[in-house]
Amino acid sequence: MAALVFAAVAVAGSPHFIRSATSVTVAGDTLTVSGKEAGLGDEAQVHIVLTATAECVNGGGNHPKASNKTSVSAAGDFPVQNGRAEFTLSVTAVFQPDCAPPMSVRFTDVSVTDTTHGISLGL
């Protein structure tokens, strides 16, 4: 009986994001997050969701209208190999009217969530 319990725990793993292997880049209106999750055991895949708030801000760092703020998200399924999964997700902010110079896009409240295991990493 004890061997069966131990085997189940060993297979389940201890899912966690590896912060040092996670990067955030912004190019214009696009936010890209790449990272790695470990402790996944022998699962086939994980479902990762990227969420953020995009704000159209002026040179002083202020967003002059409430409509210049929007929630953005992207999701994907990523294969698990040797108990680890690597992921890359991108979102592009779209504003109406456009967020054009001298305004620029700023991303806040950026996080990735593994919905398979219910864990998140704020970036």
Side-chain angles (χ1 to χ4, degrees):
M1 178 79 163
L4 293 175
V5 171
F6 177 74
V9 172
V11 171
S14 179
H16 59 279
F17 288 104
I18 302 173
R19 184 176 289 278
S20 63
T22 302
S23 65
V24 178
T25 56
V26 176
D29 314 359
T30 301
L31 167 75
T32 301
V33 176
S34 297
K36 187 182 289 186
E37 185 178 2
L40 297 171
D42 62 355
E43 301 173 42
Q45 66 183 19
V46 290
H47 187 77
I48 306 292
V49 179
L50 165 63
T51 58
T53 300
E55 302 172 327
C56 185
V57 297
N58 61 26
N62 300 312
H63 47 91
K65 296 189 292 184
S67 62
N68 284 354
K69 187 176 182 179
T70 187
S71 295
V72 292
S73 65
D77 294 318
F78 298 91
V80 174
Q81 296 177 333
N82 297 321
R84 297 183 200 133
E86 294 185 8
F87 61 90
T88 298
L89 290 167
S90 295
V91 292
T92 299
V94 178
F95 294 95
Q96 201 56 277
D98 287 341
C99 186
M103 306 291 277
S104 62
V105 176
R106 174 176 64 194
F107 291 95
T108 62
D109 304 321
V110 178
S111 69
V112 288
T113 301
D114 171 353
T115 59
T116 307
H117 299 100
I119 61 171
S120 294
L121 176 64
L123 303 166

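Thr113 and Ser120 get closest at one heavy-atom pair: OG1-OG, 2.8 Å. In terms of heavy-atom proximity, Thr32 sits nearest to Ser90 at OG1-OG, 2.7 Å. Here the closest heavy-atom approach between residue Ala85 and residue Pro79 is recorded as CB-O, 3.5 Å.
Put simply, the side chain of Phe87 does not reach to within 4.5 Å of the side chain of Val46, judged on heavy atoms. Looking only at side-chain heavy atoms (C-beta outward), Val72 and Phe107 come within less than 4.5 Å of each other. Side-chain contact between Thr51 and Asp109 is absent, with no heavy-atom pair separated by less than 4.5 Å. For the pair Glu37/Ile119, a side-chain contact is recorded, criterion being any heavy-atom separation below 4.5 Å from C-beta on. For the pair Val94 and Asp29, the minimum side-chain heavy-atom distance is 4.5 Å or more. Counting only heavy atoms from C-beta outward, the side chains of Phe78 and Leu89 approach each other to under 4.5 Å. Looking only at side-chain heavy atoms (C-beta outward), Val110 and Leu50 come within less than 4.5 Å of each other.
Considering only residues two or more places apart in sequence or on other chains, Thr30 meets the side chain to side chain donor-acceptor pair (under 3.5 Å) condition with Thr92.
Distance NZ/Lys69 to CD/Glu55: 5.5 Å, rounded to 0.5 Å. Interatomic distance, Leu31 CG to Arg106 CZ, rounded to the nearest 0.5 Å: 13.5 Å. Interatomic distance, Leu121 CG to Ser111 OG, rounded to the nearest 0.5 Å: 8.0 Å. Distance CD/Glu86 to OG1/Thr22: 10.5 Å, rounded to 0.5 Å. With rounding to the nearest 0.5 angstrom, the NE2 atom of His16 is 12.0 Å from the NE2 atom of His117.
At distances below 3.5 Å, at least one donor-acceptor pair connects side-chain atoms of Thr116 with backbone N or O atoms of His47.
When the side chains of ILVMFWY residues are joined at heavy-atom separations under 4.5 Å, either directly or via intervening members, Val49 and Leu40 end up in two distinct hydrophobic clusters.
Tested against Cys99 for a side-chain contact (heavy atoms from CB on, under 4.5 Å), the candidates Val57, Val105, Asn68, Thr70 yield a single pass: Val105.
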